[in-house]
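All residue numbers refer to positions in the sequence shown, counting from 1. Every number for a ligand or one of its atoms is a count from 1 in the order of the listing.
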Amino acid sequence: MEEAIVLYPSPPIGHLISMVELGKLLLTHQPCLSIHILITSVPYNSGSTAPYIAGVAATIPSIKFHHLPTVTLPTTNTTHHEELTLEVLRLSNPHVREELLSISENYTIHGLIMDFFCTAALSVAKELNIPGYQFCSSGAGIVAIFLYLPTIHNSTTKSFKDLNSLLNFPGVPPIQSADMPLPLLDRHDKAYEYFIDFSTRFPEYAGVLVNTFESLEARAVKTISEGVCVPDNRTPPIYCIGPLIATEGRKDDTDHCNGKLECLTWLDSQPSESVVFLCFGSLGLFSKEQLREIALGLERSGQRFLWVVRNPPSDEKTVALSAQPDPDLDSLLPEGFLDRTEERGLVVKSWAPQVAVLNHPSVGGFVSHCGWNSVLEAVCAGVPLVAWPLYAEQRLNRVLLVEEMKLALPMNESDGGFVSAAEVEKRVRWLMEAEEGKLIRERTVAMKNAAKAALSEGGSSRVALSELVESWKHK
Ligand SMILES: *[C@@H]1O[C@H](CO)[C@@H](O)[C@H](O)[C@H]1NC(C)=O
Ligand SMILES: *[C@@H]1O[C@H](CO)[C@@H](O)[C@H](O)[C@H]1NC(C)=O
Ligand SMILES: *[C@@H]1O[C@H](CO)[C@@H](O)[C@H](O)[C@H]1NC(C)=O
Ligand SMILES: *[C@@H]1O[C@H](CO)[C@@H](O)[C@H](O)[C@H]1NC(C)=O
């Protein structure tokens with residue numbers, strides 16, 4: 001029988017893209033493998049996946065998509081989309097089971113590789129005697145934190161939001177309790193229960209694949225491998241196989257051909273490493289007030305910039321759960337801003353070709369929300385960061401980037417997360433002109449080379465992937 005691996009991403013398109021990249025990577029090592037990807041749908045906008053899926057299906061016949069039936073959600077009062085996602089995934093378990101059974105009629109399934117949010121499916125894999133793997137699309141520091149989370153949970157009865165203290169996780173710098181991801185802040189939150197349950201189940205995984213490379217996070221990787229993060233149980237084998245970067249964008253490139261051309265043509269006319277790029281992911285949104293502070297800060301910094309502006313949220317949320325129309329720049333930005341900065345700045349609406357921009361020789365710095373994919377894209381392009389986290393595990397990434405990897409300067413928020421024009425001005429200047437920026441730029445370029453080495457023949461990520469693929473042959 002043909003051999004197969006089944007991949008199970010959670011619904012946001014970023015997770016799907018990471019899984020597809022993982023599938024392609026597995027195919028480079030074992031071209032005869034058949035890759036099956038399970039797709040769930042959620043009752044909110046998670047990015048339009050259909051064109052992307054159609055594109056992959058048309059170009060890579062070894063990757064097959066299986067759409068699971070839509071589940072009906074019980075009514076809930078939840079205020080964040082993580083909980084909805086977790087409920088959908090839990091209720092999808094019977095469909096996952098059916099699909100695995102149907103695939104196994106024609107294939108030997110070597111493993112079900114799921115992301116953290118899909119951990120509920122681990123019991124299905126177990127029942128069907130299929131090894132369950134996790135693919136963590138964040139770094140090893142995040143894995144260390146989640147492995148140790150049940151131990152921290154047991155050590156207190158307070159919620160992280162009320163704790164107001166430093167948390168000591170092995171292998172990473174101390175973490176302010178308030179920097180934990182939103183769904184973890186309140187102990188009485190349903191999502192918190194899921195996260196603790198899922199973290200407790202790490203020992204059941206046959207292995208954990210991480211989109212990182214050893215030299216980027218040497219201490220975290222070593223600490224995990226030594227078993228320190230799971231004091232009272234087995235630590236699953238860790239495979240650092242990254243950096244894995246999407247070769248295709250989140251949006252259909254042909255839709256954005258003009259935008260792409262505009263950005264790159266403009267960058268062509270700028271001096272080497274002179275432009276700071278500001279872009280905050282597909283979900284992050286700022287209020288109108290915050291956009292104006294950024295504009296004033298950029299103007300006063302005197303630096304060249306390429307800034308991707310998206311419409312403010314219609315309510316208080318900083319995460320876009322429905323599609324946003326393009327912004328009206330004239331009404332959003334301070335009066336005269338576009339004219340005054342015309343010579344040294346370009347503001348683009350909603351989208352920019354991030355990987356191409358980061359790799360353009362004129363770009364010298366990146367103000368980012370620190371989603372892990374963006375971090376890896378910056379590292380691979382050798383571009384240092386200013387870390388301005390907005391949601392998910394991004395505050396943890398800021399700590400790791402600033403204090404451990406030393407590839408970023410922090411953006412310092414006041415209470416409520418607001419960042420003043422003065423702070424924007426200061427950090428952008430430091431990044432582009434000051435000694436602080438120079439030091440992290442040197443480190444980032446060194447990491448860019450280390451990433452290349454990890455992925456080349458005999459490099460740590462290549463070796464880790466061969467070990468994983470070899471382990472399937474002896475089953
Ligand atoms: C939602 O909140 C209302 C009012 O607080 C409450 O009566 C209801 O039981 C809640 N529903 C759920 C599903 O928790
Ligand atoms: C398995 O293969 C047979 C023969 O090619 C085919 O008829 C059947 O539909 C396949 N089953 C599944 C679940 O794909
Ligand atoms: C946490 O406490 C529970 C209940 O006492 C116990 O079963 C579990 O093993 C503890 N976990 C850790 C990681 O300490
Ligand atoms: C960050 O901002 C706070 C006040 O908002 C200030 O007290 C602190 O010194 C700032 N930290 C740095 C590193 O600038």
Q: Check H95, H36, E98 against H66 for a side-chain hydrogen bond (donor to acceptor under 3.5 Å, both in side chains) and give me the one that passes.
A: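 It is H36; the other options fail the test.
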
Q | atom 7 (O) of ligand 3 protein-contacted, heavy-atom criterion under 4.0 angstrom | A |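 Protein heavy atoms within 4.0 Å of atom 7 (O) of ligand 3 - there are none.
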
Q. Hey, is atom 4 (C) of ligand 3 under 4.0 Å from any protein heavy atom?
A.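 False for atom 4 (C) of ligand 3.
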
**Q.** Test side chain to side chain contact (heavy atoms under 4.5 Å, CB included) applied to I109 and N129, I103, L128, the passing residue
**A.**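 Exactly one pass, corresponding to I103.
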
**Q.** Check: F213 and V379 side chains under 4.5 Å, non-hydrogen atoms
**A.**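 Side-chain contact under 4.5 Å: yes.
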
Q: Answer yes or no: is there a side-chain heavy-atom contact under 4.5 Å between P243 and L455?
A: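 In short, these two side chains touch, coming nearer than 4.5 Å.
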
**Q.** Identity and distance of the protein heavy atom lying nearest atom 12 (C) of ligand 3
**A.**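 So the nearest neighbour among protein heavy atoms is N154 ND2, 3.3 Å.
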
Q | Minimum-distance protein heavy atom relative to atom 9 (O) of ligand 3 | A |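 Ranking protein heavy atoms by distance from atom 9 (O) of ligand 3, first comes D232 OD2, 3.8 Å.
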
